[in-house]
Protein chains: 2
Amino acid sequence: MQMAELSGASGVPVATVKFYLRDGLLPPGEPTSATRAAYDESHVRRLRLIRALADVAGLRLDQIRHVLAVVDDESTSCAEALGTALMPRTADAGPDPEARRRVDRLIRRWRWRVGPDSRNRDSLARALSVLDSLEHPMPDEMLDRYAEAMHQVADAEVSSVPTDNRDRAVLHAVVGTLLVEPVLASIRRLAQEEISRRRLTGRLRKGRRPRRPARG
Amino acid sequence: MQMAELSGASGVPVATVKFYLRDGLLPPGEPTSATRAAYDESHVRRLRLIRALADVAGLRLDQIRHVLAVVDDESTSCAEALGTALMPRTADAGPDPEARRRVDRLIRRWRWRVGPDSRNRDSLARALSVLDSLEHPMPDEMLDRYAEAMHQVADAEVSSVPTDNRDRAVLHAVVGTLLVEPVLASIRRLAQEEISRRRLTGRLRKGRRPRRPARG
DNA sequence: CTCCATTGGATAGTGTTACTCTCTAATCTT
DNA sequence: AAGATTAGAGAGTAACACTATCCAATGGAG
């Protein structure tokens, strides 16, 4: 397929596809002449991924470039990809050693092994530090609750990563991390809305709801 | 306190404070003369909140304006605030009725009550639809897992909202929703990194880890 | 073979967002 | 009286993500 068809299949305007090509986000097509190149399904998929990372995960193009580089780099494993590749908000601020220590204690409590250059540690420390500065501190108890919930969730997620093919595995991991984040956030808000509503109507008993869905 | 001190206490440059005042993000100080106004701690807190919503939650200024309007509006309850106020990514795309139906089924399975104009329903549908288009569909089974985890988390969170004071309650709910999102995301990534690492080293047994933190 | 649409490649322009700067006149401090 | 600070208004700027225009080469229709 060539440019017009690629644009049509992906829903991305021709001018923007050219821009992504220039920017190195989209690999070039197979040149068939001086003014023609052939694209294939992989280009369509890549374009859709770029748009999803931008629109749904809210990444900027330089972050998307970084993510794609990791996906394309055959030498990175899933764990490395998860640890270093995904840095959605750049952590530029000061470290705040107190928050950093709290994060390290959390990691130790759960006996997690985390790469020393993992951005996730910094972004968590930063978020906790900001919550402190807003006089809305996060108790360790609540952190552990989050860790428990996320550990369960992550276990199921990692189980669903294909193990046969490295490329598919890393792509699955990256998509499953970055693009599922808004899914989790939305579900959390829906649950908060429900529970908040339930408290208002006087139904104050806790843990009464089934832990498993109805009619499941 | 006046401008210079407000700027110093909040860490926001004078020019930016003036810009926020003009933009209606920061309420004006009490004017003491034609070229002077008095600010107080509430202005410092508001500025810190604005920066946190922008830097940590990634909201744009118009979204922050909307959030602040809800916080300031005495007539909105917590549930309303959670349902409608928080629309971090504007859902402008087409509806995709299939994804919408999946979300409605999820909500019904869990017997959640959701406001008919809740943005959360749309943003979840949009995220699911995008995952489909990436050939990375989200099974209902996994959605239920997420719902279970988020229901547990939300229950603890809503319990921690103060009930005596409406203003503090809504602020707590909004901060606890928007600014805790990156906390959850970071913890999820740390857990994913750990579990992914564990799978690599051949420790394939599931659910072996303590559900409660060590030394807790 | 001619003619016109399409393409690759390059460059320049646009709209949005979030500030940042400059200026003026009034006022405060010393 | 003099220098600094401020409110308020407007213009300027930097980053980002496109979007438009141009050109020469090519491909396909007739």
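Computed from heavy atoms alone, side chains included, the values below leave out hydrogens, waters and symmetry copies. Every chain is numbered from 1 and lettered A, B, ... according to where its sequence line falls, protein lines coming before strand lines. From a predicted model like this one, the values you see are computed outputs, not experimental measurements.
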Counting only side-chain N and O atoms of [X], is one of them less than 4.0 Å from OP1 or OP2 of [N]?
X: R60(B); N: dC19(C); answer: no
X: Y20(B); N: dC19(C); answer: yes
X: Y39(B); N: dA7(D); answer: yes

For the pair [X] and [Y], find out whether any cationic side-chain nitrogen is under 4.0 Å from an anionic carboxylate oxygen.
X: R109(A); Y: D104(A); value: no
X: R46(B); Y: D40(B); value: no
X: D96(B); Y: R126(B); value: no
X: E141(B); Y: R145(B); value: no

Could you check how far [atom1] of [X] sits from [atom2] of [N], rounded to whole Å?
X: D55(A); N: dC16(D); atom1: CG; atom2: C1'; result: 14 Å
X: D23(A); N: dA17(D); atom1: CG; atom2: P; result: 9 Å
X: F19(A); N: dA10(C); atom1: CZ; atom2: C1'; result: 14 Å
X: L6(A); N: dT6(C); atom1: CG; atom2: P; result: 16 Å
X: L26(A); N: dG9(C); atom1: CG; atom2: C1'; result: 15 Å
X: L61(B); N: dT20(C); atom1: CG; atom2: P; result: 12 Å
X: R51(B); N: dC19(C); atom1: CZ; atom2: C1'; result: 9 Å
X: L21(A); N: dT11(C); atom1: CG; atom2: P; result: 16 Å

Could you list the donor-acceptor pairs under 3.5 angstrom formed between side-chain atoms of residues 18-35 of chain B and any protein atom two or more places apart in sequence or on another chain?
unit_1	atom_1	unit_2	atom_2	d
Y20(B)	OH	R51(B)	NH1	3.3
S33(B)	OG	T35(B)	N	3.3
S33(B)	OG	R36(B)	N	3.4

Strictly under 4.0 angstrom, non-hydrogen atoms only: write out the protein contact profile of nucleotides 21-30 of chain C, one letter per nucleotide from the 5' end, B, S or -. B----BBS--
Under 4.0 Å, heavy atoms only, any strand: does R65(B) hit a base, just the sugar-phosphate, or nothing?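 No contact.
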Under the salt bridge (Lys or Arg N to Asp or Glu O under 4.0 Å) rule, what do R113(A) and E193(B) come out as? Steps first, then yes or no, please. CA-CA 8 Å; R113(A) 284 154 297 167; E193(B) 191 179 342; over 6 Å; no
With sequence neighbours excluded, tell me which residues meet ring pair (Phe, Tyr, Trp, His ring centres under 6.0 Å) with Y146(A).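 Checked Y146(A) against ring pair (Phe, Tyr, Trp, His ring centres under 6.0 Å); zero matches.
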Select from P28(B) and T16(A) the residue whose nearest nucleotide in DNA chain D is closer to the 5' end of that strand.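 The residue mapped nearer the 5' terminus is P28(B).
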